[in-house]
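Report on the following structure.
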Amino acid sequence: MIAFVSGAVAALAPTLAVIEVGGVGMAVHCTPNTIAGLRLGQEAKLATSLVVREDSLTLYGFADDDERQVFELLQTASGVGPRLAQAMLGVHSPDALRLAVSTGDEKSLMAVPGIGKKGAQKLLLELKDKLGQPLGTGALVGAQRAAGPAPWTEQLQAALIGLGYASREAEEAVSAVTPQAEAALAAGGPAPVPQLLRAALQTLNRAR
């Protein structure tokens, strides 16, 4: 198993980073939040999980070991593959997922693309004794529950800058997709950062 990769960031895409390791470019699939923390040409270290299939070897990357552990635990639930597990971590932090499962919050799970009401209920049952309690305690947990993940605008802008866009371009793209984010928030869910990132990139491509 490849536990981590460390090296210079050779390339970035919305959900993919290429890390140069010993002269070899390792393609690592990441959430937009993880991509947002990377910069082209700078050194990076990502915890990784290698998914082996008959016809492919796919490496998934994470900001830390806790995120990787949750990624692997999520896949112990029936019907959850690596892509859905990564989508869940793209919407919620590891502690937010622990909190949702421990409190039976199906709406939080339904905020993940691809998870409906029945799927969320099934996941709550299967994951209840696997993820454990949030690592944060007391006021920290309360703050996480109230605030959720970091503001979507900051996540999105950081991801765009990490992909090589100027701050002004990133700000304009964030403004362009704000109505889409506000619609999701009004519906009671979190802002869907992966979808917003794709929409923002389309806006930037049209502008160039």
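Positions are given from 1 along the sequence.
Using a 4.0 Å cut-off between charged side-chain N and carboxylate O, E172 and R168 make a salt bridge. Comment: D64 does not engage K45 in a salt bridge, judged by the lack of any side-chain N to carboxylate O separation of less than 4.0 angstrom.
Nearest approach of L74 to A85, heavy atoms of both residues: CD1-O, 3.8 Å. Minimum heavy-atom separation, L124 to A100: CD2-O, 3.7 Å. Shortest non-hydrogen contact noted between P113 and L84 is O-CD1, 3.9 Å. Taking every heavy atom of both residues into account, V28 and Y60 meet most closely at CG1-C, 3.7 Å. When all heavy atoms of H92 and A111 are compared, the closest pair comes out as NE2-CB, 4.4 Å. Taking both residues in full, the closest heavy atoms of T48 and F4 are given as OG1-N, 3.3 Å, listed atom of the first, atom of the second, then distance.
For the atom pair S93 OG and M88 CE, the distance stands at 12.0 Å (nearest 0.5 Å). In this structure, NZ on K128 lies 10.5 Å from OG1 on T103, to the nearest 0.5 angstrom. Summarising the geometry, atom CD belonging to E67 is positioned 6.5 Å from atom CZ belonging to F62; distances are rounded to the nearest 0.5 Å. Between the SG atom of C30 and the CG atom of L59 there is a distance of 8.5 Å, given to the nearest 0.5 Å. L73 CG to L97 CG: the interatomic distance, rounded to the nearest 0.5 Å, is 11.0 Å.
Under the 3.5 Å distance criterion, with hydrogens and angles disregarded, a donor-acceptor pair is assigned to the side chains of T34 and T31. For E126 and S78, the side-chain atoms include at least one donor-acceptor pair closer than 3.5 Å.
Criterion: ILVMFWY side-chain heavy atoms under 4.5 Å apart, direct or through other members. Under it, V5 and L50 are part of a common hydrophobic cluster.
A salt bridge (charged side-chain N to carboxylate O under 4.0 Å, His left out) check over residues 113-122, counting only residues at least two apart or in different chains, returns the pairs E106-K117.
The side chain to side chain contact (heavy atoms under 4.5 Å, CB included) test with P82 is passed by exactly one of R53, H29, E72: R53.
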- Task: Mind running side chain to side chain contact (heavy atoms under 4.5 Å, CB included) on L38 and L12 for me, showing each step along the way?
- Result: CA-CA 8 Å; L38 305 177; L12 287 172; 3.9 Å; yes

